[in-house]
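The next block holds one structure in the form of structure tokens; read it before the comments.
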Amino acid sequence: MKVTTAALPLLPVCQRLLPALPALPGLSGLPGVPGLPGLSGLAALPGRLTGLSMNLLKASALEVAILAGHLLLYPSGIVQERRSACALPSAGAPDAGTSPPAPRLPTSAKPPVVLLHGFIDNRSVFLLLRRSLAQHGRQQVESLNYSPLTCDIRTAAELLGRHIEEICERTGSDRVDVVGHSLGGLIGRYYVQRLGGDLRVRTLVTLGTPHAGTRVVPLANAHPIVRQMRPGSAVIEELTRPSPGCRTRFVSFWSDLDRVMDPLETACLDHPDLTVRNVRVSGIGHLALPVHPAVATGIREALDTVEPEADTGTGGRAGGLTVA
């Protein structure tokens, strides 16, 4: 009895991690804890576990595998990536043993792509995505690392703005495309809507971004930037304000198995002044969004679409992507 009672506080966590577990009725058999959901059907639990969704099991296994791989790659992405020189070479032959600087990209080329990682992450999460983009004609793909100690989305958005200005100056491009995973998408959106970034960002693709705020992991509120990602925070409220004439096109990928989004639909972008297409992804979780090849294909298609699709101001959820 003591062991069972001691485990009671862990039930909400277990039910969050395994959402397919039944919401069991009450706990009439334990004195002092009437009505606590979770244990009356414990004897039937093995049988009920066999009914778990295969999609959920596969997605959970994939999340674990991706997490393990990302932990191995994480150290390689801690240091900010080196920027290649794109200025036109000066007259005269280059010094012996050195290569001439790469020429500016032609104005007809596809715009540069800026990749922006999520909370407590770094550019290593985009290893496969940037390779996919490069293989399909994106000549300029760069990642921006912001510090895990960053405590304000507004500060990170200002850093993104300076980075984009530097890219435009270096490449000769007027605009860029941005792909942001999780918090990175929220930073990109703040830059576009609140700091005039729509002049520079042609398309903003978000992957599992809490556009309306997420309630997951309440204990993480100790970090200021997590509090800014909560529903009703000052930052979320700022993003709901009018943005008339916004020039940026938004494409938001959201997953029906994303356990970091609570509720799931918070990763859908719905704003009357924005040109938005929400793409539902079925069969994978939060960590797989910037890694899965099917999502990479969807991102490339979104970036290669020149004209906005007819979803302006609706936040429509038409279309979907099944990867299971």
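Side chains included, hydrogens not; waters and symmetry mates left out as well; all remaining heavy atoms used.
- Closest of all the heavy-atom pairs between R215 and P231 is CG-CG, 3.8 Å.
- With 3.5 Å as the limit, one finds a donor-acceptor pair spanning the side chains of T203 and R249.
- Counting only distance, with no hydrogens or angles, the side chain of T248 and the backbone of R202 share no donor-acceptor pair below 3.5 Å.
- Under the 3.5 Å distance criterion, with hydrogens and angles disregarded, no donor-acceptor pair is assigned to the side chains of H211 and T266.
- Side chains of L129 and V291 form no contact here, defined as non-hydrogen atoms less than 4.5 Å apart.
- Judged by distance alone, the side chains of D198 and Q193 never bring a donor and an acceptor atom under 3.5 Å apart.
- L195 pairs by the side-chain contact (heavy atoms from CB on, under 4.5 Å) definition with A157, E158, Y190, Y191, not counting sequence neighbours.
- Of the candidates V113, V205, L133, L133 is the only one forming a side-chain contact (heavy atoms from CB on, under 4.5 Å) with R300.
- Residues T209 and L186 come closest through the heavy atom pair CG2-N, 3.4 Å.
- Here OG1 of T206 is found 11.5 Å from CG of L116. Values are rounded to the nearest 0.5 Å.
- Looking only at atom types and distance, the side chain of R130 has a donor-acceptor partner in the side chain of S143 under 3.5 Å away.
- Judged purely by distance below 3.5 Å, without hydrogens or angles, the side chains of H286 and R259 never pair a donor atom with an acceptor atom.
- The distance between the ring centers of H271 and F250 does not fall below 6.0 angstrom.
- In this structure, a donor-acceptor pair under 3.5 Å is absent between the side chains of T214 and D262.
- The aromatic rings of H117 and Y146 sit parallel to each other, their planes meeting at less than 30°, with 60° as the upper class boundary.
- Judged by distance alone, the side chains of S233 and R227 never bring a donor and an acceptor atom under 3.5 Å apart.
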